[in-house]
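Position 1 is the first residue of the sequence, and the numbers go up from there.
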Amino acid sequence: MIRFYACENNGFVEKTEWQPHYWINVEMPDTDECELICSQWGVPYSFVENVADVDERPRFERENGWLLTIVRIPVRDKNNPMVYHTVPIGIMTKNEYIVTLCFAETEMIPDFIDHSNRRHISVDNRPDFVLRLIFSSTYWFLSYLKQINDTVAEYTKQLERSVRNEALLSLMQLQKALVYFNTSLQGNRLLIDRLNKVFADDCDANLFEDVETELSQATNTVNVYMEILSNSMDTFASVISNNVNDVMKTMTSLSVILMVPTLIASFYGMNVDAWFSSSPAAFGCIILVSFGLAAIVWYFIRRAHWI
């Protein structure tokens, strides 16, 4: 989908047709739309291919007067709210052209436009536009991190009551999301450092400082959550191992206790003459002796705290 926005005093206003210096936002484009932005506005096709690569790292490059900036942004799967990952968004600028391209549907762009309109934010130049998009992506990193932390706390309470495979698998999925977030945030921080060196004179110093602060906070937050979740997973693994050991110890103790009457019954079950086997009270006495010896074995096992 291709949409056009004009940056006015009160923020971004959607337009029906493109005019110079309008922002062209392309989200989840099909093949025809990709060809359109390349043919009508001259966007290099190599840029489109780079943004289409889901593993593309944050960076910027120049080609034929165009500047391509790739930023990693967080997204959440609508069909599975437990799945978080990151995707690249390309910001392509040249003279009067400002094009953003993303091959995934995100919550960030609508929120970015709405926030700009509420705060009456206008973007004066291309570097500031890139910085504000990075700032918005950092906000969504922090927002998703809070959601992940709340979900981890909920599953942790469930696992304290009963260890379930579904909860453990969900925690593993969230752990993977934190790794994606951490890698993307580190890439965005490196990108910010490079942008500062190239566009130091053109960028808003206060905006750049705010972006750096938010990125640092997001990076620290994801590192803390990763460590907490990793320690929790290790703890649950130890709990599961201890539970298995307790079950095996109990089963082994029961086997030892039952072995005594089984052994005595085996002796008297052989097709040979056995002592006391001809007595009318033999069966009752054998049962009493068997269970008496089993009780003695149980007492010693209990005393040794094996069960």
Side-chain angles (χ1 to χ4, degrees), residues 74 76-85 143-183 220-307:
R76 180 177 59 178
D77 193 336
K78 289 186 176 181
N79 298 324
N80 187 354
M82 296 297 298
V83 177
Y84 298 84
H85 56 99
S143 178
Y144 285 149
L145 283 172
K146 290 179 182 179
Q147 295 178 22
I148 290 174
N149 187 50
D150 293 340
T151 306
V152 169
E154 179 182 349
Y155 277 109
T156 300
K157 291 181 181 179
Q158 294 181 12
L159 289 172
E160 287 175 356
R161 297 190 296 266
S162 175
V163 178
R164 298 185 299 110
N165 292 338
E166 294 81 3
L168 288 174
L169 292 175
S170 297
L171 288 179
M172 289 180 61
Q173 189 70 41
L174 294 176
Q175 192 174 33
K176 189 194 318 184
L178 290 178
V179 174
Y180 290 149
F181 282 14
N182 185 46
T183 304
N220 293 335
T221 302
V222 74
N223 286 330
V224 170
Y225 288 172
M226 284 178 63
E227 185 173 355
I228 292 175
L229 184 54
S230 178
N231 292 337
S232 299
M233 294 293 289
D234 292 341
T235 300
F236 289 130
S238 299
V239 169
I240 293 173
S241 179
N242 289 337
N243 291 342
V244 172
N245 290 337
D246 290 341
V247 171
M248 294 303 297
K249 186 166 57 175
T250 301
M251 297 300 295
T252 302
S253 300
L254 292 175
S255 299
V256 172
I257 294 171
L258 293 176
M259 183 185 68
V260 176
T262 301
L263 181 63
I264 295 175
S266 299
F267 286 152
Y268 279 90
M270 292 186 295
N271 193 20
V272 295
D273 292 335
W275 174 78
F276 200 61
S277 60
S278 59
S279 173
F283 179 78
C285 292
I286 291 173
I287 294 297
L288 290 176
V289 171
S290 298
F291 281 97
L293 292 176
I296 293 173
V297 173
W298 175 86
Y299 170 77
F300 282 106
I301 290 177
R302 184 73 174 179
R303 189 174 180 181
H305 301 290
W306 290 354
I307 57 174

[X] versus [Y]: any side-chain heavy-atom pair under 4.5 Å?
{"X": "K176", "Y": "Q173", "value": "yes"}
{"X": "H85", "Y": "V83", "value": "yes"}
{"X": "P74", "Y": "F181", "value": "yes"}
{"X": "Y84", "Y": "Y180", "value": "no"}

Mind checking the [atom1]-[atom2] spacing from [X] to [Y]? Nearest 0.5 Å is all I need.
{"X": "S170", "Y": "N80", "atom1": "OG", "atom2": "CG", "value": "8.0 Å"}
{"X": "S143", "Y": "R76", "atom1": "OG", "atom2": "CZ", "value": "8.0 Å"}
{"X": "L293", "Y": "I257", "atom1": "CG", "atom2": "CD1", "value": "12.5 Å"}
{"X": "T221", "Y": "N182", "atom1": "OG1", "atom2": "CG", "value": "11.0 Å"}
{"X": "L169", "Y": "L174", "atom1": "CG", "atom2": "CG", "value": "11.0 Å"}

>> Among I148, L171, N149, exactly one meets side-chain contact (heavy atoms from CB on, under 4.5 Å) together with L229. Which residue is that?
In response: L171
> Quick check: does any side chain N or O of S230 sit under 3.5 Å from a backbone N or O of M226, one acting as donor and the other as acceptor?
Replying inline: no
> What closest approach, in Å, do L258 and T262 show between heavy atoms, and which atom pair accounts for it?
Replying inline: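 Looking at all heavy atoms of both residues, the closest pair is O-OG1, 2.7 Å.
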> Crowded around E227 CD? As in, over 12 foreign heavy atoms under 6.0 Å?
Replying inline: no
